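Atoms within each ligand, like the ligands themselves, are counted from 1 in listed order. Since the structure is predicted, the reported quantities are computational estimates derived from the model, not experimental observations. Positions are given from 1, in the same order as the sequence printed here.
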Amino acid sequence: MDTGSARGTAHHITPHHRTVFFSKMNCLVGAVVLLLSITAEARVGNSSEPTSYCTETKECLLFDLICEGKEYEVRHYEAAKWVSTEAESIFKEFAIMRAFRKLFKYITGENEAGAKIDMTAPVLTKVKEEIPWMDTSVYVLSFLLPSAYQNHAPQPNDSSVYLMDMPDMNVYVKSYGGWMVSPISKMYSDQLKEALDKAQATYDTDYHYDVGYNSPMKLTNRHNEVWYVVKGKPVCPPAE
Ligand SMILES: *[C@@H]1O[C@H](CO)[C@@H](O)[C@H](O)[C@H]1NC(C)=O
Ligand SMILES: *[C@@H]1O[C@H](CO)[C@@H](O)[C@H](O)[C@H]1NC(C)=O
């Protein structure tokens, strides 16, 4: 039996959490083998590789584009390890600020190894749908661990910070520029939801991710996204 297909099959039963760098050598290997190796591994890598907008960190979360249209795109992400924490507030910005500080302390040395860990992109905020007016909600913020820490990340000192394995997933994505402030991100998540409903796409309706790629220092060409996690078979946007 050829090892390529054995790996491909194994992936669906036991996803690997290893990270590999794709060297030039991989490019020379047959397309089928390359595809299988891509779909079997967490992909955290070189910023120059995936996109023109993931530019501020050495490494970014890589993905495979399934399809795209004017309204949204569909991507596949491999399983990856993140460090997360949550914060509760009426105001999303307050919760995010508090959670961000805790995760920042983790990557700047508040971990069992005292390790300084590089910042990566994107930063995810898990946002519950249907938050009642002026009610608090719990927001979960996550930093992606760089490839060097995907296999063994040091435990956080702060017990409210935890390591999180995100399973592989397909996501519906809408991108936008500017600043990811509440009314703006809400507008784009509503737009994406509307487009998905129109396309009869099925997705997790309990939450979405606000996805940021830029530090507050960056004033131009900012890039943000909203993600809904695909349920069932991904539905591509209608052709224009
Ligand atoms: C990232 O890509 C550039 C250009 O291909 C290369 O020079 C560099 O070594 C790569 N860095 C890593 C960490 O793979
Ligand atoms: C984190 O915990 C480790 C051991 O558990 C300790 O050596 C280190 O000083 C702690 N770091 C900070 C910044 O509290």
Which pairs of N or O atoms, one from ligand 2 and one from the protein, are separated by less than 3.5 Å, and what is the distance for each pair?
{"unit_1": "ligand 2", "atom_1": "2 (O)", "unit_2": "Asn157", "atom_2": "OD1", "d": "3.0"}
{"unit_1": "ligand 2", "atom_1": "2 (O)", "unit_2": "Asn157", "atom_2": "ND2", "d": "2.5"}
{"unit_1": "ligand 2", "atom_1": "11 (N)", "unit_2": "Asn157", "atom_2": "ND2", "d": "2.8"}
{"unit_1": "ligand 2", "atom_1": "14 (O)", "unit_2": "Asn157", "atom_2": "ND2", "d": "3.2"}

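With a 6.0 Å cutoff to the six-membered ring centre and a 45° limit on the axis angle, Lys128 does not count as a cation-pi contact of Tyr207.
Screening residues 181-200 for salt bridge (Lys or Arg N to Asp or Glu O under 4.0 Å) gives Glu129-Lys193, Lys186-Asp190 as the qualifying pairs, with residues at least two apart or on separate chains.
With a 4.5 Å cut-off on side-chain heavy atoms, Pro237 and Lys70 do not count as touching.
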* When you look at Glu225 and Arg75, which way does the salt bridge (Lys or Arg N to Asp or Glu O under 4.0 Å) test go after all the steps? -> CA-CA 12 Å; Glu225 296 168 351; Arg75 297 180 187 164; 2.8 Å; yes
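Between Lys231 and Asp204 there is no salt bridge, since none of the side-chain N atoms of the basic residue sits less than 4.0 Å from a carboxylate O of the acidic one. A salt bridge does not link Lys126 to Asp210: none of the charged nitrogens lies less than 4.0 Å from a carboxylate oxygen.
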